[in-house]
Peer 1: 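Mind having a look at this structure? Questions to follow.
Throughout, residue positions are numbered sequentially from 1 according to the sequence presented.
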Amino acid sequence: MFKMGRNDRCWCGSGKKYKSCHEKSDEANLSKYLSDGYPIPDRSLILNPDQIDGIRKSAKVSIAIMDAIGGMIGEGVTTNDIDALVSKMTAEAGGIPAPLNYYGFPKSCCTSINNCVCHGIPDDTKLKNGDIINVDVTTILDGYYSDMSRMYTIGEISEDAKNLIERTKEMMYLGIDTIKPYMPVAEIGNAIHDKADEYGYGVVRALCGHGVGLDFHSEPTVNHFRSNAKSMILVPGMVLTVEPMINAGTWDVEVLEDEWTVMTRDGSLSAQWEHTVVVTETGAEILTI
Ligand code: MF3
Ligand code: CO
Ligand code: CO
């Protein structure tokens, strides 16, 4: 399992041989899924405690940036101003902003306003009273990636916008709370989608959460919508994001000519929150908190 040799050191970081550590429980927990044809993670997706610690340190930088944005954002501030802060704070911490030059992305963070779902590109747009905005920051520190986003509000926002933001946050935490080791990753999306249906919101399908930590985007794909596909089994030591994009209207989106900016197709408001989490022996621990 996970292509582990029986005499290799166990993936859990105990320092023991696999055969005298997790081999038996892995087999017990995973064999029914294996025979049912569920994908089982490759060994490279199981991180050891030192690597998790590296991601935690990276996350400290991302968190400090998000907090600082909370202190400077307001009417008249441009998304370029936010980008400049991300760029400066990341450099001062000795890190690299992962978005910059990622498949040609031109800036250090994503800034997505109102009916922009995600991947908005910072520019000289001034924030105005009533806007809601998602800022998505991914820091690389010593090779470790931490990916997170938050919503911010400008001045007086509508009751509908307030509800969408709070409920989307609730759905992110619901997805995280759903995580148990040896569970198919699709359960996260099933829980989120059920809740979104209760609220009458659309769950974006075109973009998803992902494995993260040693790379920006790796397996598994974390869908936020309902699916009965045989999805990858989560095991302790896997690191992934939960980052539902929830629309006040329908789930459908369109991509602008810049080939990055994703908008709701019906023009409705969209919200998103994102955390990086590690699967543990009992559930999930949030690293970006
Ligand atoms: N941070 C985004 C995510 O949550 C990815 C942004 S890709 C970029 O996965 F190139 F637009 F930065
Ligand atoms: Co992400
Ligand atoms: Co992100």
Peer 1: Would you check if Ile140 and Thr90 make a side-chain contact, meaning some heavy-atom pair closer than 4.5 Å?
Peer 2: no
Peer 1: Between Asn247 (side chain) and Thr250 (backbone), is there a donor-acceptor pair under 3.5 Å?
Peer 2: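 The answer is yes, because a donor-acceptor pair under 3.5 Å joins these two groups.
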Peer 1: Any donor and acceptor pair, going by atom type alone, linking the side chain of Arg43 with main-chain N or O of Ile46 inside 3.5 Å?
Peer 2: yes
Peer 1: Walk me through it: do Ser62 and Thr139 pass the test side chain to side chain donor-acceptor pair (under 3.5 Å)?
Peer 2: CA-CA 6 Å; Ser62 298; Thr139 305; 2.8 Å; yes
Peer 1: Quick one: sort the Tyr38 and Tyr33 rings into parallel, tilted or perpendicular, breaks at 30° and 60°.
Peer 2: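 Tyr38 and Tyr33: perpendicular rings.
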Peer 1: Group every Ile, Leu, Val, Met, Phe, Trp and Tyr by side-chain heavy-atom contacts under 4.5 Å, then state whether Val185 and Val239 land in the same group.
Peer 2: no
Peer 1: In this structure, would Ile289 and Met151 fall into the same cluster of hydrophobic residues linked by side-chain contacts under 4.5 Å?
Peer 2: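 Yes, one cluster joins them.
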Peer 1: Taking the side chain as C-beta and beyond, is there a heavy-atom pair between Glu198 and Asp194 under 4.5 Å?
Peer 2: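 With C-beta onward as the side chain, the pair stays apart.
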Peer 1: Counting N and O atoms only, with roles assigned by atom type, does the side chain of Asp81 sit under 3.5 Å from a partner on the main chain of Thr78, one being a donor and the other an acceptor?
Peer 2: yes
Peer 1: Can you name the nearest heavy-atom pair linking Leu30 to Tyr182, along with the distance?
Peer 2: CD2-CD2, 3.8 Å
Peer 1: Please check: side-chain N/O of Ser108 versus main-chain N/O of Ser87, any donor-acceptor pairing under 3.5 Å?
Peer 2: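 No; zero donor-acceptor contacts below 3.5 Å.
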Peer 1: Is the His217 to Tyr102 ring centre distance short of 6.0 Å?
Peer 2: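 That pair passes the under 6.0 Å test.
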Peer 1: Quick check: is Tyr103 connected to Val212 through a chain of hydrophobic side chains (ILVMFWY, heavy atoms under 4.5 Å apart)?
Peer 2: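 Same cluster: Val212 reaches Tyr103 through Ile, Leu, Val, Met, Phe, Trp or Tyr contacts under 4.5 Å.
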Peer 1: Verify, without hydrogens or angle tests, whether Thr276 (side chain) and Asp147 (backbone) share a donor-acceptor contact under 3.5 angstrom.
Peer 2: yes
Peer 1: For a 4.5 angstrom cut-off between non-hydrogen side-chain atoms, does His119 reach Leu207?
Peer 2: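 Yes, at least one pair of side-chain atoms sits under 4.5 Å.
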Peer 1: Compute whether any side-chain donor of one residue and acceptor of the other, for Asn134 and Ser149, lie under 3.5 angstrom apart.
Peer 2: yes
Peer 1: Looking at OG1 of Thr241 and CD of Glu274, how far apart are the two atoms once the value is rounded to the nearest 0.5 Å?
Peer 2: 4.5 Å
Peer 1: Report the residue from Asn190, Ile233, Asp36 that forms a side-chain contact (heavy atoms from CB on, under 4.5 Å) with Pro184.
Peer 2: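 When side-chain contact (heavy atoms from CB on, under 4.5 Å) is applied between Pro184 and each of Asn190, Ile233, Asp36, only Ile233 qualifies.
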Peer 1: Is there a side-chain contact (heavy atoms from CB on, under 4.5 Å) between Glu27 and Leu34? Walk through the geometry before answering.
Peer 2: CA-CA 9 Å; Glu27 271 171 14; Leu34 267 175; over 6 Å; no
Peer 1: Answer yes or no: are there more than 12 heavy-atom neighbours, outside Glu259 itself, under 6.0 Å from its atom CD?
Peer 2: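 At most 12 heavy atoms, drawn from other residues, nucleotides or ligands, come within 6.0 Å of this atom.
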Peer 1: Given the rule that I, L, V, M, F, W and Y join up when any side-chain heavy atoms are under 4.5 Å apart, are Leu287 and Ile179 in one cluster?
Peer 2: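 In one cluster: no.
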Peer 1: Between CG of Leu85 and CD1 of Ile65, what distance do you get to the nearest 0.5 Å?
Peer 2: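 CD1 of Ile65 is found 7.5 Å from CG of Leu85.
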Peer 1: Closer than 3.5 angstrom, by distance alone: can the side chain of Asn115 be matched with the main-chain N or O of Ser268 as a donor-acceptor pair?
Peer 2: no
Peer 1: Using the rule given for salt bridge (charged side-chain N to carboxylate O under 4.0 Å, His left out), can you reason through Arg226 versus Asp197, listing the C-alpha separation, both sets of side-chain angles and the distance that settles it, and then say yes or no?
Peer 2: CA-CA 11 Å; Arg226 194 178 298 109; Asp197 281 350; 2.7 Å; yes
Peer 1: Step through the shown structure and confirm whether more than 12 heavy atoms of other residues, nucleotides or ligands are within 6.0 Å of NZ on Lys126.
Peer 2: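 12 or below, so no.
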Peer 1: Just one of Val222, Val242, Thr178, Asn223 clears the side-chain contact (heavy atoms from CB on, under 4.5 Å) bar with Ile192, so which one?
Peer 2: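 For Ile192, the side-chain contact (heavy atoms from CB on, under 4.5 Å) test succeeds with only one of Val222, Val242, Thr178, Asn223, which is Val242.
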Peer 1: Looking only at side chains, do Thr125 and Asp123 share a donor and an acceptor under 3.5 Å apart?
Peer 2: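 Short answer, yes.
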Peer 1: Any donor-acceptor pair under 3.5 Å linking the side-chain atoms of Ser218 with those of Asp215?
Peer 2: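 No donor-acceptor contact under 3.5 Å links the two side chains.
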Peer 1: Measuring from atom CD1 of Ile132 to atom CG of Asn114, what distance do you get when rounded to the nearest 0.5 angstrom?
Peer 2: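 CG of Asn114 is found 5.5 Å from CD1 of Ile132.
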Peer 1: Would you say that Val277 contacts Leu240 through its side chain, given a criterion of any heavy-atom pair below 4.5 Å between the two side chains?
Peer 2: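 They are in side-chain contact.
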Peer 1: Within the structure provided, determine whether Ile63 and Arg150 are in side-chain contact (heavy-atom separation under 4.5 Å).
Peer 2: yes
Peer 1: Return the minimal non-hydrogen interatomic distance between Ile176 and Ala284, and the atom names on each side.
Peer 2: O-CB, 4.1 Å
Peer 1: Could you tell me whether a side-chain N or O of Trp273 sits under 3.5 Å from a main-chain N or O of Glu170, the two making a donor and an acceptor?
Peer 2: no
Peer 1: Which atoms form the tightest heavy-atom contact between Asn129 and Gly155, and what is the distance?
Peer 2: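 In terms of heavy atoms, the two residues are closest at OD1-CA, 3.2 Å.
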Peer 1: If you compare all heavy atoms of Met171 against all heavy atoms of Pro244, which two are closest, and at what distance to 0.1 Å?
Peer 2: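 So the minimum-distance heavy-atom pair works out to C-CG, 4.3 Å.
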Peer 1: Tell me which pairs pass side chain to side chain donor-acceptor pair (under 3.5 Å) where either residue lies in residues 159-169, with sequence neighbours left out.
Peer 2: Arg167-Tyr201
Peer 1: So, does Thr138 use its side chain to make a donor-acceptor pair with the main chain of Ala98 at under 3.5 Å?
Peer 2: no
Peer 1: Apply side-chain contact (heavy atoms from CB on, under 4.5 Å) to the pair Arg205 and Val253, showing each step before the final yes or no.
Peer 2: CA-CA 9 Å; Arg205 310 175 66 88; Val253 301; over 6 Å; no
Peer 1: Taking atom types as modelled and ignoring hydrogens, do the side chains of His210 and Glu243 form a donor-acceptor contact shorter than 3.5 angstrom?
Peer 2: yes
Peer 1: Minimum heavy-atom separation for Ile157 and Asp131, please, with both atom names.
Peer 2: CG2-O, 3.7 Å
Peer 1: Is any side-chain heavy atom of Pro97 less than 4.5 Å from a side-chain heavy atom of Cys109?
Peer 2: no
Peer 1: Who passes ring pair (Phe, Tyr, Trp, His ring centres under 6.0 Å) against Phe225, sequence neighbours left out?
Peer 2: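 Scan of Phe225 (ring pair (Phe, Tyr, Trp, His ring centres under 6.0 Å), adjacent residues dropped) gives none.
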